[in-house]
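Reading through the structure tokens given below for one structure.
Here the structure is a predicted model, which means the values were calculated and not measured.
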Amino acid sequence: DKKQLYVEAIRRSPDYSSAYKNLGTELFAGETVELNDGRVLDGKQLFVEAIRCDRGSSSAYYNLGLVLAAGDTAQLHDGRVLDKKQLFVEAIRVDAEDKRGYSLVALAITLSANETVTLANGRKLNSRQLLQ
């Protein structure tokens with residue numbers, strides 16, 4: 001099956017970010033997969049591994065944000081602990097052209113007219129501006 005093909009890709013190339021990302025998107029909530037090295041990972045852990053392999057992968061950041069439960073955080077290999085909204089902002093930081101990150105940040109912030117998100121370039125945007 002597809003999952004086993006991704007596991008094999010990771011065995012052959014342990015730093016192949018896309019294999020971790022793709023495997024993570026194949027798992028259902030709460031599902032885990034055993035890698036050939038014996039590690040048993042869930043979707044959250046697979047996306048953290050994808051980021052370890054490629055810190056410039058916006059989709060790894062926003063997919064990690066999508067699998068987090070409300071109020072949950074994820075610790076990255078560089079020691080940062082990020083929540084859902086911070087992961088979506090990080091996705092924008094690494095690829096400002098990827099529109100999905102903007103939409104996800106807009107959905108993650110409170111619909112309060114006063115709440116904004118500050119991007120890496122210092123620009124502050126509200127949910128309406130993020131969705132444009």
Side-chain angles (χ1 to χ4, degrees):
D1 79 7
K2 253 173 143 175
K3 293 175 195 166
Q4 288 310 308
L5 291 172
Y6 292 130
V7 168
E8 180 61 18
I10 291 167
R11 184 188 72 75
R12 291 174 183 258
S13 184
D15 292 326
Y16 183 41
S17 178
S18 291
Y20 290 103
K21 279 189 305 194
N22 293 337
L23 182 54
T25 61
E26 291 293 321
L27 298 183
F28 294 106
E31 187 178 7
T32 60
V33 64
E34 183 173 356
L35 301 182
N36 290 322
D37 63 5
R39 293 181 296 159
V40 177
L41 304 178
D42 61 13
K44 176 180 173 180
Q45 294 163 318
L46 288 165
F47 293 122
V48 168
E49 284 298 308
I51 292 167
R52 176 189 61 78
C53 297
D54 181 5
R55 294 188 61 189
S57 172
S58 64
S59 63
Y61 287 102
Y62 67 68
N63 277 311
L64 178 54
L66 288 172
V67 299
L68 289 183
D72 197 5
T73 59
Q75 182 167 2
L76 304 183
H77 288 280
D78 63 6
R80 292 181 296 159
V81 177
L82 304 177
D83 64 19
K84 185 179 284 279
K85 184 170 67 172
Q86 292 167 321
L87 286 161
F88 296 152
V89 170
E90 189 66 11
I92 294 169
R93 187 190 70 72
V94 300
D95 185 359
E97 298 303 313
D98 189 338
K99 302 291 185 205
R100 292 171 288 192
Y102 291 92
S103 295
L104 292 168
V105 170
L107 292 172
I109 65 176
T110 306
L111 296 178
S112 164
N114 296 328
E115 186 170 5
T116 62
V117 171
T118 304
L119 302 180
N121 64 6
R123 189 171 170 211
K124 292 185 181 206
L125 301 173
N126 63 29
S127 61
R128 180 170 294 152
Q129 292 166 319
L130 287 162
L131 288 171
Q132 293 178 346

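To the nearest 0.5 Å, atoms OG (Ser59) and CG (Leu64) are separated by 11.0 Å. To the nearest 0.5 Å, atoms NE2 (His77) and CZ (Arg55) are separated by 11.0 Å.
Asp54 places none of its side-chain heavy atoms less than 4.5 Å from the side chain of Lys21. Taking 4.5 Å as the limit, some side-chain heavy atom of Asn63 sits within range of a side-chain heavy atom of Thr25. Leu87 is not listed as a side-chain neighbour of Leu66, based on a closest heavy-atom distance of 4.5 Å or more. For the pair Leu76/Tyr61, a side-chain contact is recorded, criterion being any heavy-atom separation below 4.5 Å from C-beta on. Side-chain contact between Leu35 and Arg11 is absent, with no heavy atoms from C-beta onward closer than 4.5 Å. Side-chain atoms of Leu46 and Glu49, non-hydrogen and from C-beta on, never get closer than 4.5 Å to each other. Taking 4.5 Å as the limit, every side-chain heavy atom of Tyr16 sits out of range of all side-chain heavy atoms of Cys53. Residues Gln4 and Val7 have side chains in contact (heavy-atom distance under 4.5 Å, counting atoms from C-beta outward).
Looking at Lys3 and Glu26, no side-chain N of the basic residue comes within less than 4.0 Å of a carboxylate O on the acidic one, giving no salt bridge. Classification of Arg80 and Asp78 as a salt-bridged pair holds, one side-chain N sitting under 4.0 Å from a carboxylate O. Ion pairing between a basic and an acidic side chain is recognised when a charged N comes within 4.0 Å of a carboxylate O; Asp42 and Lys44 show no such pairing.
Using a 4.5 Å cut-off between side-chain heavy atoms of Ile, Leu, Val, Met, Phe, Trp and Tyr, with links allowed through other members, Ile51 and Val67 fall into the same hydrophobic cluster. Note: the hydrophobic cluster containing Val94 does not contain Ile92 (ILVMFWY, side chain heavy atoms under 4.5 Å, direct or indirect links). Val33 is connected to Ile10 through a chain of hydrophobic side-chain contacts under 4.5 Å among Ile, Leu, Val, Met, Phe, Trp and Tyr, so both are in one cluster. Transitive grouping of hydrophobic side chains (ILVMFWY, heavy atoms separated by less than 4.5 Å) brings Leu82 and Phe47 into a common cluster.
Looking at residues two or more places apart in sequence or on another chain, you find a side chain to side chain contact (heavy atoms under 4.5 Å, CB included) between Asp98 and Ser58, Tyr62, Asp95, Arg100.
Of the possible polar contacts, none joining the Tyr20 side chain to the Asp15 backbone as a donor-acceptor pair under 3.5 Å is found.
Closest approach of Val48 and Ala74 over heavy atoms only: CG2-CB, 4.4 Å.
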**OP:** Mind running side chain to side chain contact (heavy atoms under 4.5 Å, CB included) on Asn36 and Glu8 for me, showing each step along the way?
**Re:** CA-CA 8 Å; Asn36 290 322; Glu8 180 61 18; 3.9 Å; yes
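Counting heavy atoms of neighbouring residues, nucleotides and ligands inside a 6.0 Å radius, atom CD of Glu31 exceeds 12 of them.
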